[in-house]
Chemist: 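Encoded as structure tokens, here's the structure I'll be asking about.
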Amino acid sequence: MTTEPALVLLLSGPNLDLLGERQPEIYGTATLADHVDRARRRAESHGLALDHLQTAHEGEMVAAVHSARGRAAAIVVNAGAFTHYAWGLHDALASFDGPIVELHLSNPDSREAWRHTSVVSPVATGVIAGFGGDGYDLAIDAVAALLEAPPR
Ligand code: DQA
């Protein structure tokens with residue numbers, strides 16, 4: 001009998017589809033597809049599968065979190081600007097049982113004051129921010145470690 005690999009859901013919020021063109025001095029030159037490929041390869045190296053959704057619609061992201069309940073083992077979420085105000089996303093994530101890693105390419109805490117509030121952080125297991133594209137590998141490594149053994 002073969003068992004399905006555990007699934008990690010990677011969520012990308014508004015404007016992340018413009019990565020590569022959008023403010024490269026802040027977000028780098030890699031595209032979202034580059035980051036997703038990287039995350040998928042890293043997940044596979046840990047024996048995990050990866051699903052990805054990018055959306056500019058909060059309701060679609062909330063629905064994706066609902067459908068992850070009981071199906072995905074963990075969520076990695078770069079919610080883009082939703083991070084700073086989308087309480088519906090916060091509540092959806094609070095309903096998810098597994099590890100949640102909040103991810104940002106930049107370090108929002110070192111930027112404008114309005115980026116210093118995260119509505120995702122209170123329901124995240126941990127946060128990876130400010131490491132550019134390397135953050136995708138770091139987030140998957142964190143998820144793999146958390147799935148192996150809960151935080152000490
Ligand atoms: C971001 C940071 C957010 O403040 C911003 O709205 C984004 C991208 C990041 O990855 O650094 O869209 O989440």
Side-chain angles (χ1 to χ4, degrees), residues 7-46 48-69 71-147 151:
L7 181 67
V8 181
L9 177 63
L10 173 63
L11 294 173
S12 303
N15 304 306
L16 296 185
D17 49 332
L18 294 184
L19 289 175
E21 295 169 36
R22 171 193 183 208
Q23 297 179 283
E25 68 288 0
I26 297 174
Y27 298 118
T29 52
T31 65
L32 182 59
D34 295 332
H35 294 310
V36 174
D37 279 354
R38 182 175 186 166
R40 180 164 287 121
R41 279 198 304 273
R42 194 69 159 211
E44 285 169 359
S45 79
H46 287 291
L48 301 167
L50 186 114
D51 263 7
H52 174 244
L53 172 80
Q54 187 277 327
T55 179
H57 301 281
E58 184 182 349
E60 200 177 339
M61 198 173 272
V62 166
V65 173
H66 290 183
S67 75
R69 285 159 43 86
R71 189 176 67 91
I75 294 178
V76 175
V77 54
N78 183 347
F82 286 163
T83 305
H84 311 299
Y85 63 87
W87 288 105
L89 176 62
H90 164 104
D91 283 353
L93 289 168
S95 78
F96 181 77
D97 265 348
I100 296 172
V101 176
E102 176 182 352
L103 172 63
H104 301 284
L105 292 156
S106 66
N107 176 2
D109 282 334
S110 70
R111 300 179 62 195
E112 304 95 313
W114 63 269
R115 294 185 202 272
H116 299 177
T117 297
S118 169
V119 300
V120 173
S121 288
V123 287
T125 313
V127 183
I128 292 172
F131 299 104
D134 290 345
Y136 284 81
D137 282 340
L138 295 169
I140 297 295
D141 288 350
V143 157
L146 288 164
L147 291 176

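We're numbering straight along the sequence, starting at 1. Whatever order the structure lists ligands and atoms in, that order sets their numbers, starting from 1.
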Chemist: Quick one: do Leu48 and Arg42 satisfy side-chain contact (heavy atoms from CB on, under 4.5 Å)? Show the steps, please.
Modeler: CA-CA 8 Å; Leu48 301 167; Arg42 194 69 159 211; over 6 Å; no
Chemist: Can an N or O of Leu103 be found at a distance shorter than 3.5 Å from an N or O of ligand 1?
Modeler: no
Chemist: Can you find an N or O of Arg111 that's nearer than 3.5 Å to an N or O of ligand 1?
Modeler: no
Chemist: Please write down residue, atom name and distance for the protein heavy atom closest to atom 1 (C) of ligand 1.
Modeler: His104 ND1, 3.7 Å
Chemist: Check ligand 1 against Arg115 and write out every atom of the ligand that is under 4.0 Å from a heavy-atom position of the residue.
Modeler: 3 (C), 4 (O), 5 (C), 6 (O)
Chemist: Looking at ligand 1, would Tyr27 count as a contact under a 4.0 Å heavy-atom criterion?
Modeler: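 Yes, Tyr27 has a heavy atom closer than 4.0 Å to ligand 1.
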Chemist: To check you understand the geometry: which heavy-atom pair defines the closest contact between His90 and Val123, and what is its length?
Modeler: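 Scanning both residues, the minimum pair turns out to be CE1-CG1, 3.6 Å.
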Chemist: Please work out whether any backbone atom (N, CA, C, O) or any side-chain heavy atom from C-beta onward of Ile26 is under 4.0 Å from ligand 1, and answer side chain, backbone, both or neither.
Modeler: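 No part of Ile26 is near ligand 1 at this cut-off.
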Chemist: Could you list the atoms of ligand 1 found under 4.0 angstrom from a heavy atom of His84?
Modeler: 3 (C), 4 (O)
Chemist: Please check if the side chain of Gln54 supplies one atom and the backbone of Gly13 the other of a donor-acceptor pair under 3.5 Å.
Modeler: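 Confirmed, Gln54 side chain pairs with Gly13 backbone.
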Chemist: Looking only at protein heavy atoms, which one is nearest to atom 11 (O) of ligand 1, and what is the separation?
Modeler: Ser106 OG, 2.6 Å
Chemist: Among protein heavy atoms, which sits nearest to atom 9 (C) of ligand 1, and what does the distance come to when rounded to 0.1 Å?
Modeler: Leu105 N, 3.4 Å
Chemist: Quick one: which ligand 1 atoms are inside 4.0 Å of a heavy atom on Arg22?
Modeler: 7 (C), 12 (O)
Chemist: Identify the two heavy atoms, one from Leu9 and one from Ala68, that lie closest to each other, and give their separation to 0.1 Å.
Modeler: CD2-CB, 3.7 Å
Chemist: Are Asn78 and ligand 1 in contact, using a heavy-atom cut-off of under 4.0 Å?
Modeler: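 Yes, Asn78 has heavy atoms under 4.0 Å from ligand 1.
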Chemist: Within the side chain of His104, is there an N or O that forms a donor-acceptor pair under 3.5 Å with the backbone of Gly132?
Modeler: no
Chemist: Under 4.5 Å between any side-chain heavy atoms of Arg40 and Ile140, yes or no?
Modeler: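 The answer is no; the side chains never approach within 4.5 Å.
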Chemist: Shortest non-hydrogen contact from Ala139 to Val101?
Modeler: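 Closest approach of Ala139 to Val101, heavy atoms only: CB-CG1, 3.9 Å.
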Chemist: Where is the tightest heavy-atom contact between Glu102 and Ala124, given as atom of each residue plus distance?
Modeler: CB-CB, 4.1 Å
